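One structure is given here, and the rest of the page talks about it.
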2 protein chains.
Amino acid sequence: MRERLPTISGVASRAGVSSATVSRVINRSGFVSAAARVAVLEAIDDLGYVPSAAARGLASRQAGMIGICLPDVGPGADLVEREVSDGAVLVQVDPEPDGAIAWGGIYFGEVLRGAEYAAWEAGLAITVAMTREPDLEARVLNMAGRVDGLVVVGETLSDDLLDHVARRVPIVVLAGPRAADRHDQVMVGNADGMERLVDHLIDDHGIETLAYVAGRSGAPDDDERFRGFCAALSRHGIEVPQSPRHRGDFSRHRAREIGRSLVEAARQGEALPRALVCCNDETALGLLDVLVAHGIRVPEDIVLTGFDGIDAARTSAPPITTVEQPMAELGRLAVERLTARIASPRRRPTVTQVPVTVMLRGSCGPHALTPLPPGGAVVRPHHE
Amino acid sequence: MRERLPTISGVASRAGVSSATVSRVINRSGFVSAAARVAVLEAIDDLGYVPSAAARGLASRQAGMIGICLPDVGPGADLVEREVSDGAVLVQVDPEPDGAIAWGGIYFGEVLRGAEYAAWEAGLAITVAMTREPDLEARVLNMAGRVDGLVVVGETLSDDLLDHVARRVPIVVLAGPRAADRHDQVMVGNADGMERLVDHLIDDHGIETLAYVAGRSGAPDDDERFRGFCAALSRHGIEVPQSPRHRGDFSRHRAREIGRSLVEAARQGEALPRALVCCNDETALGLLDVLVAHGIRVPEDIVLTGFDGIDAARTSAPPITTVEQPMAELGRLAVERLTARIASPRRRPTVTQVPVTVMLRGSCGPHALTPLPPGGAVVRPHHE
DNA sequence: TTGTAAGCGTTATCAT
DNA sequence: ATGATAACGCTTACAA
């Protein structure tokens, strides 16, 4: 067993004061003479004293920490199938990217960045967990036991587990389809954003044949985006499909397969739609690869749009018109809601919708709008 | 004050056993009759009991958590200068990207991903902090008080603070220039990777005039890469510059300025080097923008290389040849070292160098090597 | 301004 | 297999 670390009473006796005084110094609670303060500070330095958060948390009945639960998107092949390496530098021609994107694209990294910032602003520490089996439940409860509140992203936790956890700490659900009246929620304008995007294609580019390229079946985000797609069609008197024309799985890889089948269909003489509206940027990028490789020009022959706003969609040729989700803002807001909830536990649950931005780029054709300075924005009123 | 949460003794009395037995059930330590186990589990469920990590940590003298300190790269303008918004969808033409990349490009997100995974494997929770003023010291000590060990990225902490913290918990320094004999370290093959890359340019492409485009002055990563650059030149009998020919700051924005000055110089009749070897991918991308815009072709007129392996460097036109850093692996290894250290505190400090990969892409010209299947690799021996 | 002392909710030791 | 009970290191009335 490790040798004993210095404790508050060690500091106290070394400084010739009581532990209460040391506590006051540490917590800056005032009512300490300058002399005592200096003595304590010195003792702390001499001893290399660091207060135990466990003891503090136990005594004060608050952890000073919040948690964020992210869904498991897999650890990533890089972490699991590790090559044995002796430290040599490898030189290789870049293999084709497989579209297996870490952390759900830039998604979780960005959410986390916003969450961390908000936690920092509130003076709280933050702990993160990807919730994966085995032992999911035990680990989540463990996390719940060490925080003052929890942000749960999407459908990370089963209802049962969420309920159990919620009996101990406040929960904010982020971008997850939950009963709105049980927890605070922060949502993304999936449907609204997609609807505005399709409005743009129809109104400003005069496009009349559009096909939706969906993501994994049953994914709530995808459903909402498809709903927005349909809403725009419907409002413009364009026939609304029962279900998405193409079904991908959010990955670039699967999108390439869809792309190849499209090219094949076109070769058979089938007419392509004027625009492919994709569930996300990865899908659009995969299609772009294949279409361009087969001589189909974007946007001249076919228009392509994405959703998310990942960096790669901005640097592709052409860059992809998309709906940008403010991921960091999402994380920030979730934590802000959470701290508000911790402060006043009895308020009614809130639902916050974070606005998205339709980013017009080359893949949907030229447009007359001039680029805006950062921060500026053209607000397009609802058509109605 | 919040109503009392159920405690272990609540569970105990409800299950008709002692708290010790409940503890045994929770910790799966065995020596519990099936009947007792079931009774306890039921009581836990009824009460919605979640064990307090604070109390556990205090009693068991271990936090079950590790921390990771990241240097502050700024919260990002998006989080600070927030627009007031009523939830409307904005539609705008994409403004020119400003190159201010969150989390240091994909850098921290990836490191974190690897760190989280390793922590999860070890059964530990993980807490993250960007160390920023004000109150940096207090916050870091707070973190130190709640963990069993700390990963410190780069030059995040002052030596004094690091020393203080290290008196309480083991430290692993990640990609930071520290005295090797005080803490465990995990490093990136900055110099080696750059050297191999430049070898490739010289040996395989026959390039003889190369200029280094540096990052922020004094950045250790940049220094090491420049050192690798020089080593390769020197070994090939090419004149070695005293200092980098161009000085950027890692940002795409600043790289564009450098690009414009290069174009200007070329217009004045000055000869451009055959290759611009950049400190990082962002810099290469910024140069690419400007050069291409002015009719200078890459790689035909000038070769461009980066460092890091960010996604955008793969999707640019042409894609950028670069040295890929396995960020996630870096995070994973750091945490692995840390858990090893926690297990045996008295071993000698270790230094681990993570191998990098030179990724050959279009920006350095065509090459005869055929793409390798993922996982395969051509290992180039050291020239000597 | 300072000290005393009673918790805080577990774990771990020792009996039984 | 189970139960008592003493820590664990701090905060926080309360008293002085």
Side-chain angles (χ1 to χ4, degrees), chain A residues 1-40 43-44 47-65 141-142 144-148 168-169, chain B residues 1-40 43-44 47-65 141-142 144-148 168-169:
Chain A
M1 182 162 285
R2 204 138 116 220
E3 72 211 56
R4 229 43 162 224
L5 295 170
T7 72
I8 197 172
S9 43
V11 174
S13 63
R14 173 152 193 144
V17 301
S18 77
S19 63
T21 297
V22 176
S23 177
R24 289 181 191 112
V25 171
I26 291 171
N27 297 299
R28 297 185 175 90
S29 20
F31 304 101
V32 180
S33 69
R37 232 182 65 84
V38 170
V40 167
I44 287 177
L47 263 33
Y49 168 70
V50 178
S52 151
R56 293 227 256 189
L58 186 56
S60 67
R61 315 174 108 281
Q62 39 179 30
M65 176 147 96
L141 289 179
N142 183 291
R146 60 176 76 233
V147 298
D148 296 321
R168 172 174 243 262
V169 292
Chain B
M1 183 165 282
R2 201 138 118 220
E3 73 212 55
R4 229 43 163 223
L5 295 170
T7 72
I8 198 173
S9 43
V11 174
S13 62
R14 172 154 194 141
V17 300
S18 76
S19 64
T21 298
V22 176
S23 177
R24 289 181 190 109
V25 171
I26 292 171
N27 297 298
R28 297 184 173 90
S29 18
F31 304 100
V32 180
S33 69
R37 231 183 63 85
V38 170
V40 167
I44 287 177
L47 263 33
Y49 168 70
V50 178
S52 150
R56 294 228 256 189
L58 185 57
S60 68
R61 315 177 104 277
Q62 38 178 25
M65 175 148 97
L141 289 179
N142 183 292
R146 59 176 77 231
V147 298
D148 296 321
R168 173 174 241 261
V169 291

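Here the structure is a predicted model, which is why all the values come from computation and not from measurement. Atoms considered below: every heavy atom in the structure, side chains included; atoms not considered: hydrogens, waters and symmetry mates. Lettering of chains follows the sequences in order, A, B, ..., and the numbering in each one begins at 1.
- Among the heavy atoms of the strands lying under 4.0 Å from B/Ala36 are primed sugar atoms or P, OP1, OP2 only; no base atom is included.
- Across A/Asp148 and A/Ala63, no two heavy atoms sit closer than the pair OD1-N, 2.8 Å.
- Comparing D/dC8, D/dA1, C/dC8 by their nearest atom to the side chain of A/Leu58 picks out C/dC8.
- Side chains of B/Asn142 and A/Arg56 form a contact here, defined as non-hydrogen atoms less than 4.5 Å apart.
- Here A/Ser9 pairs with A/Thr7 under the side-chain hydrogen bond (donor to acceptor under 3.5 Å, both in side chains) rule; sequence neighbours left out.
- Taking B/Ser23 as the reference, B/Asn27 meet the side-chain hydrogen bond (donor to acceptor under 3.5 Å, both in side chains) condition, with sequence neighbours excluded.
- Here A/Arg61 reaches the OP1 or OP2 of C/dG9: one of its side-chain N or O atoms lies under 4.0 Å away.
- No engagement by B/Ala54 is indicated, since no non-hydrogen atom pair under 4.0 Å with the nucleic acid exists.
- When all heavy atoms of B/Ile44 and B/Ile26 are compared, the pair lying nearest together is CD1-CG1, 4.4 Å.
- Looking at residues two or more places apart in sequence or on another chain, you find a side-chain hydrogen bond (donor to acceptor under 3.5 Å, both in side chains) between B/Arg14 and B/Asp46.
- Between B/Ala144 and B/Arg168, the shortest heavy-atom distance links the atoms O-CD, 3.7 Å.
- DNA chain C lies under 4.0 Å from no heavy atom of any residue of residues 6-14 of chain A.
- For the contact set between residues 17-30 of chain A and DNA chain C, defined by any heavy atom under 4.0 Å, the members are A/Val17, A/Ser18, A/Ala20, A/Thr21, A/Arg24.
- Computed from C1' positions of five pairs at each end, the angle between the two local axes of the helix from C/dT1-D/dA16 to C/dT16-D/dA1 equals 30°, rounded to 10 degrees.
- The list of salt bridge (Lys or Arg N to Asp or Glu O under 4.0 Å) pairs with a residue in residues 18-35 of chain B, not counting sequence neighbours, reads A/Asp135-B/Arg28.
- When the side chain to side chain contact (heavy atoms under 4.5 Å, CB included) test is applied to B/Ala53, the partners found at least two apart in sequence or on another chain are A/Arg146.
- Remark: A/Ala39 engages A/Ala15 in a side chain to side chain contact (heavy atoms under 4.5 Å, CB included) (not counting sequence neighbours).
- Residue pairs meeting the salt bridge (Lys or Arg N to Asp or Glu O under 4.0 Å) criterion with at least one member in residues 29-40 of chain B: none, sequence neighbours excluded.
- With distances taken from any side-chain atom of B/Phe31 to the nucleotides C/dT10, D/dC10, D/dT2, the minimum falls on D/dT2.
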